[in-house]
Peer 1: 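Let me begin by handing over the structure; questions about it come next.
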Amino acid sequence: MRVAVVPGPGQSGLLRPLGADGSPAGPPVEVPDLVAAVAEYEQKGSTRWVWPSAASCYQVLRRAGVRVARCHDVLLADALLRGRDAGIGVEPTGPRDALALLRDAAAAGAAAGAGADPGLRDTGLRDTGLQDTLFEPALAGAPAPPDPSATLDALIDVHADQLRRIAADEHPARFGLLVNAESAGALVAAEMTAAGLPWRPEVHDALLTELLGPRPTLPGQRPARLADLAGQIAAAFGVPDDRGSRGPRDPRLAMNPDSPTQVLQALAADGIRLPSTRLAVLRDVDHPAIAPLLEYKELARLHSAFGWAWLDTWVRGGRFRPEYLVGGVVSGRWASRGGGALQIPRLLRQAVVADPGWVLVAADAAQLEPRVLAALAGDRAFAAAAAAGDLYAELAVAFGGDRAKAKIAMLSAMYGGAGGEAGQLLAVLRQRFPAAAGYVEAAARAGEEGRVVRSVLGRTCPPPSAGWRALTEEAADPDTERDPGAGRASRARGRFTRNFVVQASAADWALVMLVSLRAGLAKISSVNGTSRLRPAGRPASDDAGSGQPNRLASPELVFFQHDEVIVHCQAEQADAVAAVVSQAADEASRLVFGPTRVAFPLSTAVVACYADAK
DNA sequence: ACCCCCTGCGCG
DNA sequence: AAAGCGCGCAGGGGGT
């Protein structure tokens, strides 16, 4: 059953049950305690909550210890539908004013939720905090929530319109799956933020100290190792160090290794002219400053992006809690906000350590994108290769037994690379695996011609910009001078759409895998009799020492990065979690691709420390 | 003082 | 030997 829900003043809320077509199936109900009302529905049976945005509505429920199984996220569904309709030239339909109202409601809810920062609280029990007034703007300048009754009406209108448009899709079952998975993904995202990734600040700090020297006492000061290297670099160029200690310095002579301009100028003064200071360019240069410069750049990056400042800002109570942006990337991959959550250097995986008595179950989809292409294209020869554990090793047969060549050929096909030997290798690929090569080449042609392409579940890539159209249409006119930029723009879009069909379909698979995994994990916890009211985001060690021996905590999803997931669970649950992970991969393959002989293997590791996962 | 764009590099 | 796709973030450097 679907139930529309919007928060009201204080702890209250407004509910209204809906029929299968989204029309109201009863009068609106005002409940004084929304959290309690939602929890009661969840215990009774399967409810799909229809709300403006899980990112805004669910975080408060989550912090009160309430977990919901299913929802329909109207703003995420709108983004998917609008993307589809823009691609086929359909003007936006449906109630636009109503959508604007829902956006305002979501923004107000998000602002109120942000006011009660989970990172600063050690418990999620709602009766312990005054700040749990559900949707009162907690931040100065936060938008005021619109009238709940008007919001509920708008919600119901927009949702019913969305159900009609989903049903009208070319592939309604697959597109409906995408909308449901995207919505469930928003539940996972909120839960992962609440749970947090276990992070040991003392391990992180020790790593920084070992590599950079002790933490500087003054802000803006270089750590000892960086200062030393900066001195070596300056000396190699025969100029003063930019932070030399005595007297006023002449900035024209200063040497700041963080400045690409200054590095290029200093090298040019020694007769070496380079196009950039990228690692790949510098690596082959013969100059005494290069070795310390390369070391400096590597360590400076660690210091500026994931140094002590990062640790102070993002880690609280042994947890790193980034905000995940579901569907934040055009391809449907997630983005993140805060702390560079999806770009954590592999080195720092050492700081990701399970709580005592707990483990991390880390699972990584192996060679996901080429396998997705195999399943998408239905290429028999390619699918046969993708039935095996090492796809590239199977493909190598076609490339004289050279696995590396097979890999370059695949990557070139998926990314549109054409340099070096890629051309020859692509020709081999085209000959041996015509359907697979044809699939990405058709996508590239569509992009070059300004059309859109869709993922397997129906996520649509953005149409070209007006600027792109102007540029490329002008070039097609025989009376005008040919602009070389037009060809470049056209090919660039071809590479984008070529990659989109693969990356976005891989994101479909990963999203469905993730939400299947979430459902499976919920069953583990109920089998073990776990209370569903265990406060979210509370260090598990607190539970272990709480003198309640009959309680087993729930396994928690704590990280998701495009094609890998981490579950944090008690050690005795590791086998059950690993089995559920494997089932989730099978289920995703079946739901997304139907019957296919392509395998989507996961490499799963049960470890105490993320760095040991592979 | 702030904003914006560029460069460079981390991840998939 | 790198390039070819998608991101977020820090610092430099120029603008206002």
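Here the structure is a predicted model, which means the values were calculated and not measured. Throughout, protein chains are lettered first and strands after them, A, B, ... in sequence-line order, and every chain is numbered starting at 1. Hydrogens, waters and symmetry mates play no part in the numbers below; they use all other heavy atoms, side chains included.
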Peer 1: Of the nucleotides C/dC5, C/dA10, C/dC7, which one has an atom closest to the side chain of A/Q343?
Peer 2: C/dC7
Peer 1: Along DNA chain B, 5' to 3', what are the outermost nucleotides having an atom less than 4.0 Å from a heavy atom of chain A?
Peer 2: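 Counting from the 5' end, contacts occupy B/dG8 to B/dG12.
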Peer 1: Just call it for A/R278: base, sugar-phosphate, or nothing, with non-hydrogen atoms closer than 4.0 Å on any strand.
Peer 2: sugar-phosphate
Peer 1: Mind checking if A/L279 touches a base, just sugar-phosphate, or nothing, with heavy atoms under 4.0 Å?
Peer 2: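 Sugar-phosphate, no base atom in range.
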Peer 1: How would you label the contact of A/R495 with the nucleic acid (heavy atoms, under 4.0 Å): base, sugar-phosphate, or nothing?
Peer 2: sugar-phosphate
Peer 1: C/dG13, C/dG11, C/dG4: which one has an atom nearest the side-chain heavy atoms of A/S304?
Peer 2: C/dG11
Peer 1: Under the side chain to side chain donor-acceptor pair (under 3.5 Å) rule, what pairs show up with a residue in residues 270-283 of chain A, not counting sequence neighbours?
Peer 2: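 Checked against side chain to side chain donor-acceptor pair (under 3.5 Å) - neighbours excluded - the pairs reaching residues 270-283 of chain A are A/D270-A/H287.
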Peer 1: Hey, is C/dG4 sitting syn or anti, using the within-90° cutoff around 0?
Peer 2: syn
Peer 1: What nucleic acid atoms does A/V330 come within less than 4.0 Å of, heavy atoms only: base, sugar-phosphate, or nothing?
Peer 2: sugar-phosphate
Peer 1: Around atom CZ of A/R432, are there more than 12 heavy atoms from other residues, nucleotides or ligands closer than 6.0 Å?
Peer 2: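 At most 12 heavy atoms, drawn from other residues, nucleotides or ligands, come within 6.0 Å of this atom.
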Peer 1: At under 4.0 Å between heavy atoms, what does A/Q561 touch on the DNA or RNA strands: base, sugar-phosphate, or nothing?
Peer 2: sugar-phosphate
Peer 1: Counting Watson-Crick and G-U wobble pairs with both distances under 3.5 Å, what is the dot-bracket string for DNA chain C, 5' to 3', using [ ] for crossing pairs and | for pairs to another strand?
Peer 2: ....||||||||||||
Peer 1: Contact class for A/R349 (heavy atom, under 4.0 Å): base, sugar-phosphate, or nothing?
Peer 2: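 Result for A/R349 = sugar-phosphate.
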Peer 1: Parallel, tilted or perpendicular, judged at 30° and 60°: which one describes the rings of A/F600 and A/F593?
Peer 2: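 Answer is parallel, since the angle falls under 30°.
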Peer 1: Count the heavy atoms of every other residue, nucleotide or ligand shown that sit under 6.0 Å from NZ of A/K297, and state whether that count exceeds 12.
Peer 2: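 Yes, because the 6.0 Å sphere around NZ of A/K297 holds more than 12 heavy atoms from other groups.
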Peer 1: Where the side chain of A/D258 is concerned, which of C/dA3, C/dC5, C/dG12 is the nearest nucleotide?
Peer 2: C/dG12
